[in-house]
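The first residue of the sequence shown is numbered 1, and numbering continues consecutively from there.
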Amino acid sequence: MNREPMDPQRELAAQLGLVGLLAHWEELPEPTRRQLLDWEDQTRRQRSLSRRLSATRVGAFKPMADFDWTWCPQLDRAQVEELLTLDFVRNGCNAVLRGPSGTGKTMLAKNLVHLAVVAGYTARLVTASDLLRDLAEQPSAKARHRRLRHYAAPDLLAIDEVGYLSYDNRYADLLYEVVNFRYQKKSTLVTTNRPFSTWPDIFPNETTVMVLAERLTHHAELVVFEGESWRVREARQEREERALRRTTRGRG
């Protein structure tokens, strides 16, 4: 016995759980039903996107449209723009953003996490210190494994500020476990102010560091940032503007 196919609009209403609309389905003209369904679908999609963006913990950030490329002329713009296409996420590859503090690494990382969520991927940003502290504070091996799976889950995991603090061997092992969980499956992005050759200064277990660097850089994009800190530049500009205002007032 062939079952008559369900009206696509009615099927969508059922998927959305709109029991009241279904109960009065025949009482409403088709254009009204379509409009109500569109509104409900769009509202739910927007709420879902807002929840997923909030879960990334990206916070406020400057969009790449505001990035001053002339300030960092050595930066490979074509390489950055290729990252912004998210091909590396689609292919499960990694990205390492390296350079001095304040040159734009975190800004790019936040933009990439935001774009990934808008594109339908799961993504999360976490500082290295928060990630390692979270894992180290788990009360048991079973609880730690659950947290590792939590960090292994997103399509893109951005670990910010590796290298700003020093850690003991246990922390090196924990970072290795996170990266290894995700290795050749999902994309890991790392921002760091140090070349890998100096990572033994951060993590004393040199063997673990070597394997960790190998996992991170295999099938990875390395983006090198150079130049003066944006924050230092902005602070200097603000001082100069204040001095100019004081001089102007004094002449008046």
Side-chain angles (χ1 to χ4, degrees), residues 55-62 83 88-89 92-114 116-117 121-138 143-225 229-231:
T56 66
R57 299 191 177 182
V58 163
F61 65 96
K62 184 183 294 185
L83 281 179
F88 79 105
V89 179
C93 297
N94 296 335
V96 177
L97 314 183
R98 191 189 77 203
S101 175
T103 50
K105 304 183 303 297
T106 298
M107 174 188 176
L108 177 56
K110 288 186 173 185
N111 273 271
L112 289 167
V113 169
H114 182 271
V117 172
Y121 296 104
T122 52
R124 184 181 177 87
L125 175 78
V126 62
T127 63
S129 58
D130 285 346
L131 179 146
L132 295 175
R133 188 185 308 111
D134 181 24
L135 292 172
E137 290 176 352
Q138 296 305 309
R144 185 165 59 251
H145 185 76
R146 282 198 300 269
R147 292 305 289 170
L148 281 169
R149 294 187 68 84
H150 167 75
Y151 289 115
D155 298 311
L156 173 62
L157 176 66
I159 306 173
D160 197 22
E161 299 180 349
V162 178
Y164 290 79
L165 299 173
S166 297
Y167 302 97
D168 60 23
N169 286 339
R170 183 187 183 195
Y171 286 93
D173 293 342
L174 291 172
L175 182 57
Y176 169 77
E177 286 191 67
V178 172
V179 172
N180 195 49
F181 253 78
R182 303 178 56 81
Y183 180 56
Q184 292 189 319
K185 303 183 192 78
K186 296 181 179 180
S187 298
T188 302
L189 182 151
V190 168
T191 76
T192 181
N193 62 337
R194 292 170 171 263
F196 286 114
S197 61
T198 67
W199 275 33
D201 297 336
I202 313 167
F203 303 106
N205 189 331
E206 189 167 351
T207 301
T208 300
V209 169
M210 288 175 59
V211 180
L212 175 60
E214 179 189 66
R215 293 284 193 273
L216 280 173
T217 57
H218 189 210
H219 302 307
E221 286 284 349
L222 172 62
V223 184
V224 179
F225 291 73
S229 165
W230 291 84
R231 291 183 287 274

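Rounded to the nearest 0.5 Å, atoms CG (L131) and OH (Y171) are 11.0 Å apart. Separation of atoms CE (M107) and CG (L112) is listed at 10.5 Å; rounding is to 0.5 Å. With values rounded to the nearest 0.5 angstrom, D134 atom CG is found 9.5 Å from L148 atom CG. From M210, atom CE reaches atom CD of E206 across 6.5 Å, with rounding to the nearest 0.5 Å. Within the model, atoms SG of C93 and CD of E221 stand 8.0 Å from one another, a figure rounded to the nearest 0.5 Å. T103 contributes atom OG1, which lies 11.0 Å from atom CZ of R98 (distance to the nearest 0.5 angstrom).
Partner V178 forms a side-chain contact (heavy atoms from CB on, under 4.5 Å) with one of L157, L132, V126 and no other, that one being L157. Each of L189, V179, T192 was compared with L216 under the side-chain contact (heavy atoms from CB on, under 4.5 Å) criterion, and only V179 meets it.
Checked by atom type and distance alone, the side chain of K186 pairs as donor or acceptor with a backbone atom of A153 at under 3.5 Å. In this structure, the side chain of D155 does not engage the main chain of A123 through any donor-acceptor pair within 3.5 Å. Judged by distance alone, the side chain of K105 and the main-chain N or O of F225 form no donor-acceptor pair under 3.5 Å. Checked by atom type and distance alone, the side chain of R215 never pairs as donor or acceptor with a backbone atom of Y176 at under 3.5 Å. Judged by distance alone, with hydrogens and angles left aside, the side-chain atoms of R194 form no donor-acceptor pair with the main-chain N or O of V162 at under 3.5 Å. With hydrogens and angles disregarded, no donor-acceptor distance shorter than 3.5 Å links the side chain of D160 to the backbone of T191. Under the 3.5 Å distance criterion, the side-chain polar atoms of R182 are matched with a main-chain donor or acceptor of P154.
By the 4.0 Å N-to-carboxylate-O rule, R133 lies close enough to D130 to be salt-bridged with it.
Remark: aromatic rings of H145 and F181 are close, center separation under 6.0 Å.
Side-chain contact check for S101 versus N193: every heavy-atom pair is 4.5 Å or farther apart. In this structure, the side chains of Q184 and H218 come closer than 4.5 Å at one or more pairs of heavy atoms. Side-chain atoms of F196 and T217, non-hydrogen and from C-beta on, do get closer than 4.5 Å to each other. Residues H150 and R124 form a side-chain contact, since some pair of their non-hydrogen atoms from C-beta on lies under 4.5 Å apart.
Closest approach of A109 to L97, counting heavy atoms only: N-CD1, 4.0 Å. The two residues S197 and P200 make their nearest non-hydrogen contact at O-CD, 3.5 Å. Between I202 and G163, the closest heavy-atom pair is CD1-CA, 3.3 Å. Closest approach of L83 to A95, counting heavy atoms only: CD2-CB, 4.2 Å.
Applying the side-chain contact (heavy atoms from CB on, under 4.5 Å) criterion to S187, with sequence neighbours excluded, gives F88, V89, L156.
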